[in-house]
Amino acid sequence: MKIAILGNGGREHAIADQISKSPKLKKLYCLPGNAGTKFIAENVKIDIYDFDKLGNFVDEYKIDLVIVGPEKPLVDGVVDFLRNKGIKVFGPNKISSQLEGSKIFTKKICEKYKIPTAQFGVFNSIKDAHKYLEKANKPIVVKADGLAAGKGVYICEDTDSAKNAVDEIFNGKFGRANQVLIEEFLKGEEMSYFVISDGKIFKKFNTAQDHKRVSEGDKGKNTGGMGAYSPSGLINKDLDLKIIESVIKPTFKAIKEMGETYEGFLYVGLMIKENNPYLVEYNVRMGDPECQTILPLLNSDLLELMLSCCEGNLENQTIRWKNKKSLCIVLCSNGYPDTYKKNLEIPHLQKITKNNSTFIYHAGTESIDNKVYATGGRVLNFVNISEDLKKSRESVIKEIENLGWENGFYRKDIGFRIIDK
Ligand code: AMP
Ligand code: GLY
């Protein structure tokens, strides 16, 4: 089969790596891909948000399946566009993607189907929001409704900063806004829970915990993710059942009652408090870096799984996992998540060990004349799988030190809540 993967991050490199192992694969394209995917696929420079150009590519290269990595094309309706042309696509359609595309859409589902989540209010004017904030308990969480590349969430310690967040949102910091979401601050520990669905049924696709803050001890600014480990230390049978029954099943029921179906990965972002789940957010794709962390544990053929989702027969598939744990550390450009230098060379990449337990997935990299350059804030994902997360972390740190890239930094404490407790 001829497959095209949309996206250029670590998540897409990890997906490409799995797909490249499938006996069903004939040719793999990454649109646009990165310096890592170049070794296992053909990178094609194409604007994936220009659907007409994308459609032409898919026709011309006779692509059998398109796999969508990031959320934006999904929310923009790339699945509907390609399906209308008769092309198989792995990912949810435009309406179902509102689970990530609109936080208010999801909150309304939570309200109607009694899904546990933070208490919330939706406000249509600055004045009403400010008035509410005067009396509300702090800390409090203010959120822009739409996609904001991970930046539209403000955790506010006092009334003034919460009012400022409301002002920024209404003043268009994340695009035109006529509503703002204000919610209760949930205390607890976060967990990323994944499922895969064919529109009829869903199956669990492992768990992880990521570290979003830039500095050790989970301090400092929010980032796209500095590292993760899998499975989450929080998961147990009782919690698993609660997540499925009280969060995921009612969500799929809501989608069905809208007359829609959901095909693809669903990322369930949860806060766990006293072994009870509260929904924080949905993402309509795999997590990044959770995807890079989880996929090396997979023992099944990912391409077959994805195809079964497009064909409505996930029921016949068994998802098998290695009986191991996984840990991923992200090597970032100095300065990230603020400003950082671009186009700096990363020499000595050939020094990195590659075997059945050590993986390296590129994120913000580009290859020019056989040299690799850093082009993004998050640059390389180092992953190790073993029986012991501590051992994996030591091994990953050794690899990063071995590379010795002077323009980067990373967190040495990924997994500390479970490893160092
Ligand atoms: P979101 O984009 O909604 O996932 O929010 C980004 C991050 O903000 C989450 O991963 C949490 O760490 C934090 N967050 C969001 N909503 C809440 C909440 N109600 N209580 C506590 N933390 C939250
Ligand atoms: N790891 C967080 C995300 O993918 O949104």
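Both ligands and their constituent atoms are indexed starting at 1 by order of listing. Note that the structure is a prediction, hence the values are computed from the model and not measured.
Contact atoms of ligand 2 toward Arg285: 3 (C), 4 (O), 5 (O) (distance under 4.0 Å to a heavy atom of the residue). The distance from ligand 1 to the heavy atoms of Met271 drops below 4.0 Å at these ligand atoms: 21 (C), 22 (N). Annotation for ligand 2: atoms under 4.0 Å from non-hydrogen atoms of Tyr267 are 1 (N), 2 (C), 3 (C), 4 (O). Of all atoms in ligand 2, listed by their number and element, those nearer than 4.0 Å to a heavy atom of Asp210 are 1 (N), 2 (C). Those atoms of ligand 2 with a heavy atom of Gly287 less than 4.0 angstrom away are 4 (O). Atom numbering of ligand 2 starts at 1 in the shown order; those under 4.0 Å from a heavy atom of Asn283 are 5 (O). Shown in contact with Phe185 at under 4.0 Å from a heavy atom are these atoms of ligand 1, numbered in order with element: 20 (N), 21 (C). Atoms of ligand 1 lying under 4.0 Å from any heavy atom of Ala118, numbered from 1 in the order shown and given with element: 19 (N).
Ion pairing between a basic and an acidic side chain is recognised when a charged N comes within 4.0 Å of a carboxylate O; Asp218 and Lys212 show no such pairing. Under 4.0 Å is where a charged nitrogen must lie from a carboxylate oxygen, and between Lys53 and Asp50 at least one such pair does. A salt bridge between Arg411 and Asp413 is present, with a side-chain N of the basic residue lying under 4.0 Å from a carboxylate O of the acidic one. Ionic pairing of Asp198 and Lys203 is not present here: no N-O contact between side-chain nitrogen and carboxylate oxygen is shorter than 4.0 angstrom. A salt bridge links Lys88 to Glu311: one of the charged nitrogens lies within less than 4.0 Å of a carboxylate oxygen.
Protein heavy atoms come within 4.0 Å of atom 21 (C) of ligand 1.
Of all protein heavy atoms, the one closest to atom 1 (P) of ligand 1 is Glu281 OE1, 3.4 Å. Among all protein heavy atoms, the one lying closest to atom 3 (O) of ligand 1 is Lys143 NZ, 2.9 Å. The protein heavy atom nearest to atom 7 (C) of ligand 1 is Val153 CG1, 4.5 Å. The closest protein non-hydrogen atom to atom 10 (O) of ligand 1 is Glu190 OE1, 2.7 Å.
Taking only non-hydrogen atoms, the option from Val141, Ile140, Leu147, Asp218 nearest to atom 18 (C) of ligand 1 is Val141. Of the candidates Leu186, Thr117, Ile155, it is Ile155 that places a heavy atom closest to atom 23 (C) of ligand 1.
Checking only distances, Glu183 does come within under 3.5 Å of ligand 1, N or O to N or O. Looking at Lys212 next to ligand 2, no N or O pair under 3.5 Å apart turns up. Between Glu281 and ligand 2, no N or O atom pair is found at a separation short of 3.5 Å.
Between the NZ atom in Lys24 and the CG atom in Leu65 there is a gap of 11.5 Å [rounded to 0.5 Å].
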Q) Could you go step by step and tell me if Lys204 and Ile244 meet the side-chain contact (heavy atoms from CB on, under 4.5 Å) rule? A) CA-CA 9 Å; Lys204 182 177 172 183; Ile244 289 170; 5.6 Å; no

Q | Evaluation steps, salt bridge (charged side-chain N to carboxylate O under 4.0 Å, His left out), between Asp167 and Lys163 | A | CA-CA 6 Å; Asp167 296 351; Lys163 282 183 173 175; over 6 Å; no

Q) Would Glu216 and Lys412 satisfy salt bridge (charged side-chain N to carboxylate O under 4.0 Å, His left out), going step by step from the backbone distance to the final call? A) CA-CA 7 Å; Glu216 286 175 11; Lys412 290 191 175 71; 5.4 Å; no

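With a 4.0 Å cut-off on non-hydrogen atoms, Glu290 touches ligand 2 through its side chain and not its backbone.
Residues Lys38 and Ser367 have side chains that bring a donor and an acceptor to within less than 3.5 angstrom of each other. For the residue pair Glu263 / Thr261, a side-chain donor-acceptor distance below 3.5 Å is found, with atom types taken as modelled.
Residue contact annotation: Lys103 has a non-hydrogen atom under 4.0 Å from ligand 1.
No donor-acceptor pair closer than 3.5 Å links the side chain of Asp76 to the backbone N or O of Val78.
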